[in-house]
Amino acid sequence: MMTVKQKWEQRQERILLSLDKLTYATRKQLQAINELGGDRNAHRILHRMEREKTIQSVRMEQKVYYLSNKGKERIGSNQGDLKRNHIEHTLMRNDLYIRLGMPSGWQKERPVTWGDDSKMVPDAMFNKGGVFHFVEIDNKQSMRNNIEKIKMYKELSEMIFKQYKHYPTLIWYTLSEVRRNKLKETCKKHGVKCKVY
């Protein structure tokens, strides 16, 4: 039977591993992913981890947590220096990850190459039921940039169909209803299978 200390250490490691995977996360995101119970309990756990210096936080509209050097060392993380200007983008990606049911095999910002010299870096990707899914977070980029990405995904979709006999799904997450409709229309126009949240 595990001691209270062993249970604490196991829970702490789960939280550290999820922060390694997510980069940044809010308390609510860590609660959902690690089943930390109610708000008070989650706050107590994260506060203790901050006191023990395994995690750090930055205050935005809410507290945003990330691994400290001590936390990285404890779990053997090779996470590099973090870019604070990516926090909002990362939190949106985390929200989508949770909303999609935390798909196994979720990989963030992994380069995809095809053909002779075509390459892109989706915000995340995963394979579900043998079907590739690519994730794009529409946070602060121009619509022109999004349209160029959709054209690239059309090319990638054709390559995936030739090799794997299915068309991948492109998943967009945006905060604007106008952009949501524009992304849907553009994907439809270019024949790219998509979902927009």
Under a 3.5 Å cutoff, is there a donor and acceptor pairing between the side chains of [X] and [Y]?
X	Y	value
Asn146	Glu136	no
Asn41	Gln31	no
Trp114	Glu155	yes
Arg74	Gln12	yes
Gln62	Lys28	no

Between Lys108 and Lys21, what is the shortest heavy-atom contact and its length?
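Residues Lys108 and Lys21, closest heavy atoms: NZ-O, 2.7 Å.
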Going by the angle between their ring planes, with limits at 30° and 60°, are Tyr164 and Phe132 parallel, tilted or perpendicular?
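It falls in the perpendicular class, over 60°.
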Between [Y] and [X], does any NZ, NE, NH1 or NH2 come within less than 4.0 Å of an OD or OE carboxylate oxygen?
X	Y	answer
Glu148	Lys151	yes
Arg180	Glu177	yes
Glu50	Lys63	yes
Asp123	Arg93	no

Ring centroid separation for Trp106 and Tyr97, is it under 6.0 angstrom?
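When the ring centroids of Trp106 and Tyr97 are compared, they turn out to be within the sub-6.0 Å range.
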For residues Tyr197 and Tyr173, establish whether the separation of their ring centroids is below 6.0 Å.
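Not close enough - the centres of the two rings lie 6.0 Å or further apart.
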Kindly write out the residues that satisfy ring-ring contact (aromatic ring centres under 6.0 Å, His included) with Tyr66, not counting sequence neighbours, or none if the list is empty.
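Result, ring-ring contact (aromatic ring centres under 6.0 Å, His included) vs Tyr66: Tyr24.
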Among the clusters formed by ILVMFWY side chains lying less than 4.5 Å apart, do [X] and [Y] turn up in the same one?
X	Y	value
Met125	Ile150	yes
Trp8	Leu16	yes
Met60	Leu67	no

What pairs with Glu158 under salt bridge (charged side-chain N to carboxylate O under 4.0 Å, His left out), at least two apart in sequence or on another chain?
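Here the qualifying residues are Lys154.
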Going by the rule salt bridge (charged side-chain N to carboxylate O under 4.0 Å, His left out), which residues pair with Glu73 if we only count those two or more places apart in sequence or in a different chain?
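Glu73 satisfies salt bridge (charged side-chain N to carboxylate O under 4.0 Å, His left out) with no other residue.
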With no hydrogens and no angle check, is any side-chain donor or acceptor of [X] less than 3.5 Å from a backbone partner on [Y]?
X	Y	result
Ser18	Ile15	yes
His190	Lys188	no
Ser57	Val64	no
Ser157	Val192	no

Can you measure from CD1 (Ile171) to OG1 (Thr169) and round to the nearest 0.5 angstrom?
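Reported to 0.5 Å precision, the distance equals 6.5 Å.
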Could you walk me through whether Arg27 and Tyr65 pass the side chain to side chain contact (heavy atoms under 4.5 Å, CB included) check?
CA-CA 8 Å; Arg27 176 181 45 79; Tyr65 298 92; 4.2 Å; yes
Are more than 12 heavy atoms from other residues, nucleotides or ligands located less than 6.0 Å from atom NZ of Lys193?
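Yes, enclosed.
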As a quick check of understanding, evaluate side chain to side chain contact (heavy atoms under 4.5 Å, CB included) for Leu22 and Ile33, giving each step before the final call.
CA-CA 10 Å; Leu22 300 172; Ile33 292 165; 3.4 Å; yes
